[in-house]
Amino acid sequence: MVVILVVLGAAVLHATWNAMAHGAPDRFAGLALFELAAGVIGLVAVLVMGLPPAGTWGYIIASALLHLAYLGGLLASYQLGQFSQMYPLARGTSPWVVAVVSIVVLHQQLALLELAGVLLVSAGLIALVFIGRPGRNQLPAIFAATGTGLMIASYTVVDGVAVHKMPVATYMGWVFMLQGFAMPIAVLLWRGPRIFDLPRPAILSGLAGGVVSMAAYGLVLWAQTRGTLAAIAALRETSIIFGAIIGALFFHERFGPKRATAAAVVVAGIVLITTG
């Protein structure tokens, strides 16, 4: 039960930093600031924890690259489609992919109720996308969001294996330091220094978002050392529900009965995972 509560808490934090990113005046600058803050925290962790164990560099580099690809895909999805549709599709793609990989490749066993719960969570999250009846002109956005979901699934699997080979703080520090400094440098080279010519509240919000993002990620990594990978991946994506609530309360986005039904399917999936 502790693991479940931790992952749900991480989902709330994840929805919070995504809402902060969504509300940023410049999303590229906002994400760059998020990553900069995470990179600095990662550097501190690296200085404290030291080098990772021998033979684990591959996991660290792979996770950092996959996270950068995920961020690029997320930005592309938001540029091509609506936030309320693309974010659920990206997050909803991940749990069932992780479930398949964890069973077939990692040979982890899921109880029947847990597996049913993972599928329900994924189905409910993806339903949130198609309630909006996306047209053909949104196919590029859908492909981008689906690709983003595959990146999420990929780094989730890499992380799930890596945290059993080294301390969570060591792994987290190195991954965040690498990706955290790479992202703002790339944005700076692409858009120039004027991209960070933002009001002070926007800069502070961006840096704070990085702290929240890192806290959410750290909680999930800890949970992955104590629970099955597929179930944790599904629970983590309930951030969509918290995001919808935040959107309704702060961005005045319409929730509606159909979205409420899809949310109920997700909750049913959570119940099955917790009882499995």
Side-chain angles (χ1 to χ4, degrees), residues 11 14-15 17-24 26-28 30-31 34 65-102 117-158 183 186-187 190 213 216 230 233-248 251-270:
H14 195 278
W17 82 254
N18 271 270
M20 294 169 74
H22 178 56
D26 186 319
R27 287 176 187 159
F28 286 93
L31 276 178
F34 281 19
L65 291 174
L66 288 168
H67 272 88
L68 289 171
Y70 150 70
L71 290 172
L74 200 62
L75 285 170
S77 302
Y78 291 166
Q79 292 294 109
L80 294 168
Q82 295 181 355
F83 174 82
S84 60
Q85 289 182 320
M86 295 305 105
Y87 182 59
L89 180 57
R91 307 306 306 191
T93 300
S94 172
W96 62 266
V97 175
V98 172
V100 171
V101 172
S102 62
V118 169
L119 295 176
L120 271 180
V121 169
S122 296
L125 294 177
I126 293 175
L128 285 170
V129 179
F130 293 101
I131 284 171
R133 298 179 183 177
R136 288 187 177 181
N137 61 333
Q138 289 184 289
L139 285 178
I142 290 173
F143 286 136
T146 304
T148 303
L150 293 176
M151 291 301 103
I152 295 169
S154 298
Y155 75 63
T156 298
V157 172
V158 171
M183 177 72 174
V187 170
W190 178 40
S213 169
L235 285 172
R236 169 172 149 185
E237 306 314 347
T238 56
S239 61
I240 300 299
I241 304 302
F242 299 116
I245 294 171
I246 291 172
F251 298 128
H252 307 293
E253 295 179 353
R254 190 169 176 269
F255 199 61
K258 291 182 179 179
R259 291 185 183 275
T261 301
V265 171
V266 175
V267 173
I270 295 172

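This chain uses plain numbering: 1 for the first residue, then up along the sequence.
In this structure, Leu71 CG and Leu66 CG are separated by 11.0 Å, a value rounded to the nearest 0.5 Å. Interatomic distance, CG of Leu65 versus OG of Ser154, reported as 12.0 Å (0.5 Å rounding).
Closest approach of Met151 and Ala69 over heavy atoms only: SD-CB, 3.7 Å. Heavy atoms only, all atoms of each residue included: Val97 and Ala153 are closest at CG1-CB, 3.6 Å.
Using cut-offs of 30° and 60° for the angle between ring planes, the Trp190 and Phe28 rings count as perpendicular.
Not counting sequence neighbours, the partners of Thr148 by the side chain to side chain contact (heavy atoms under 4.5 Å, CB included) test are Tyr70, Leu74, Ser77, Ala90, Ile152. In this view, Leu120 and Val265, Ala268, Leu272 satisfy the side chain to side chain contact (heavy atoms under 4.5 Å, CB included) rule, not counting sequence neighbours.
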